[in-house]
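Encoded as structure tokens, the structure appears first; notes follow it.
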Amino acid sequence: MTHLHLAVALDGAGWHPAAWREPDARAAEVFRAGYWVDLVREAERGLLDFVTIEDSLGPRPPRLDAVLVAARVAPLTRHVGLVPTATVTHTEPFHVAKAIATLDYVSTGRAGWRVQVSTRPDEAAHFGRRTVAPHDPDLFAEAADHVEVVRRLWDSWEDDAEIRDAATGRFIDRDKLHHIDFEGRWFSVKGPSIVPRPPQGQPVVAALAHGSLAYGLAARAADVVFTTPAGPDHAQAIVAGIRNGPAHVFADVLVFLDETRARAAGRKARLDDLAGAPYESAALTFVGTPPQLADLLQDWQRAGLSGYRLRPGTVPHDLVAITRRLVPELRRRGAFRRGYEAGTLRGLLGLPRPANRYARRGAP
């Protein structure tokens, strides 16, 4: 049986807006490093492929910087992949390239990057440099170019560009550093990067896609795409539509898990009452038991999905239900790993380490 890939999306105290009001929530600790270390270690305990860390440029809810959180967590974990969100619309690709490359070094090859496009005028107002409009296709074309610049910067150092010869004083072989000379509509970047090529060569690039514009970005730029299908037939149509793009297509599922379906439903209803309205998500909302969720995940797998990114409704309750109840159930069925089989995120996802484009061609 083919093993599923499994990830969790971490967002504060959980994805439900009232999650912070749960009795076991650690809402007062969300801005402390130890909180995030505990969550990622729990994901690693469950042998998950990776965690994503949500981020945005909006003021609500307040957040820490996802890339910096991942960098803090990295030295205190050993196996699980770390995929923070970084918005491309108002961020220079040079900054993103060196930040994610640095994360790949401090995690010893477990870094990824979830590309996010900002389409909100209020977020643009934080910077005051441009205006944006929702559903503007140029924003997604710009994002694809942004990723291309980042990928070229990651390749701008060949793997053996560092000499570190103390006797001769030669630290770098300058013939193995390359200007990327990218010229496009939105970016003109010469390079090279100031960070040597990352341990993975190319850290994993991921994107969340709900519609055609985002599917196009994912197909052009991502290794992993997170989708929000309503059912297996919808998932199959999505996979068919982006078949020639990402190596992996994951389905996002928002989960509320408990001993019985009734208890899980009661917990979500109580949270909805606290929030003042039923919580609705672009992703399918699953309310039930871990074995029932395992049934759904295996059923949907026939649509061609590689795996799932689960959004815990509340933390720690639903995260622990995933790692300590869902994972053992999937393992019992022969559908999930019994140990980490690779030391890098690319390795966990079955992605080869890519050759350096400039070393292969000999020149930019």
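Computed from heavy atoms alone, side chains included, the values below leave out hydrogens, waters and symmetry copies. FYI, the numbering just counts along the sequence from 1.
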Could you give the side-chain donor-acceptor pairs of residues 279-287 under 3.5 Å, partners two or more places apart or in another chain?
| residue | atom | partner | partner atom | Å |
| --- | --- | --- | --- | --- |
| Tyr279 | OH | Trp15 | O | 3.4 |
| Ser281 | OG | Ala283 | N | 3.0 |
| Ser281 | OG | Arg311 | NH1 | 3.4 |

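- The ring pair (Phe, Tyr, Trp, His ring centres under 6.0 Å) search around Phe187 returns His146, not counting sequence neighbours.
- Sequence neighbours left out, the pairs with a member in residues 131-140 that pass side-chain hydrogen bond (donor to acceptor under 3.5 Å, both in side chains) are Asp138-Arg185.
- Checked by atom type and distance alone, the side chain of Trp154 never pairs as donor or acceptor with a backbone atom of Pro198 at under 3.5 Å.
- Panel note: side chain Asp318, backbone Leu257; a donor-acceptor pair is recorded below 3.5 Å.
- Residues passing the side chain to side chain donor-acceptor pair (under 3.5 Å) test with Glu29, sequence neighbours excluded: Arg26.
- In this structure, the side chains of Val83 and Leu345 come closer than 4.5 Å at one or more pairs of heavy atoms.
- Scored by the salt bridge (Lys or Arg N to Asp or Glu O under 4.0 Å) test, Glu329 finds Arg332, Arg333 as partners (sequence neighbours excluded).
- A salt bridge (Lys or Arg N to Asp or Glu O under 4.0 Å) check over residues 284-294, counting only residues at least two apart or in different chains, returns nothing.
- Arg110 and Thr77 form a side-chain donor-acceptor contact under 3.5 Å, judged by distance and modelled atom types alone.
- Side-chain atoms of Tyr35 come within 3.5 Å of backbone N or O of Gly12 as a donor-acceptor pair.
- Residue pairs that meet the ring pair (Phe, Tyr, Trp, His ring centres under 6.0 Å) test with at least one member in residues 315-339, sequence neighbours left out, do not exist here.
- Remark: Arg72 pairs with no residue by the salt bridge (Lys or Arg N to Asp or Glu O under 4.0 Å) rule, at least two apart or across chains.
- When side chains are defined from C-beta on, Val320 counts as touching Glu42, because their heavy atoms get closer than 4.5 Å.
- Other cluster members for Leu57: Phe127, joined by side-chain heavy-atom distances under 4.5 Å among Ile, Leu, Val, Met, Phe, Trp and Tyr.
- Side-chain polar atoms of Gln200 and Asp104 form a donor-acceptor pair below 3.5 angstrom.
- Ionic pairing of Arg151 and Asp155 is not present here: no N-O contact between side-chain nitrogen and carboxylate oxygen is shorter than 4.0 angstrom.
- Residues His3 and Arg338 are not in side-chain contact: their nearest non-hydrogen atoms beyond the backbone lie 4.5 Å or more apart.
- Checked for salt-bridge contact, Asp145 and Arg220 meet the test: a charged N lies under 4.0 Å from a carboxylate O.
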In residues 227-238, what donor-acceptor pairs under 3.5 Å come from side-chain atoms, sequence neighbours left out?
| residue | atom | partner | partner atom | Å |
| --- | --- | --- | --- | --- |
| Thr227 | OG1 | Phe250 | O | 2.9 |
| Thr228 | OG1 | His210 | ND1 | 3.0 |
| His234 | ND1 | Ala230 | N | 3.0 |

Expected list for residues 87-95: side-chain donor-acceptor pairs under 3.5 angstrom, two or more places apart:
| residue | atom | partner | partner atom | Å |
| --- | --- | --- | --- | --- |
| Thr89 | OG1 | Ser118 | N | 2.7 |
| Thr91 | OG1 | Thr87 | O | 2.7 |

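- Not a single donor-acceptor pair under 3.5 Å links the side chain of Arg45 to the backbone N or O of Thr323.
- Sorted by first and then second residue, the pairs that involve residues 339-351 and meet side-chain hydrogen bond (donor to acceptor under 3.5 Å, both in side chains), not counting sequence neighbours, are Arg337-Glu341.
- Ion pair Arg197/Asp159 flagged as a salt bridge, since at least one NZ, NE, NH1 or NH2 atom sits closer than 4.0 Å to an Asp/Glu carboxylate oxygen.
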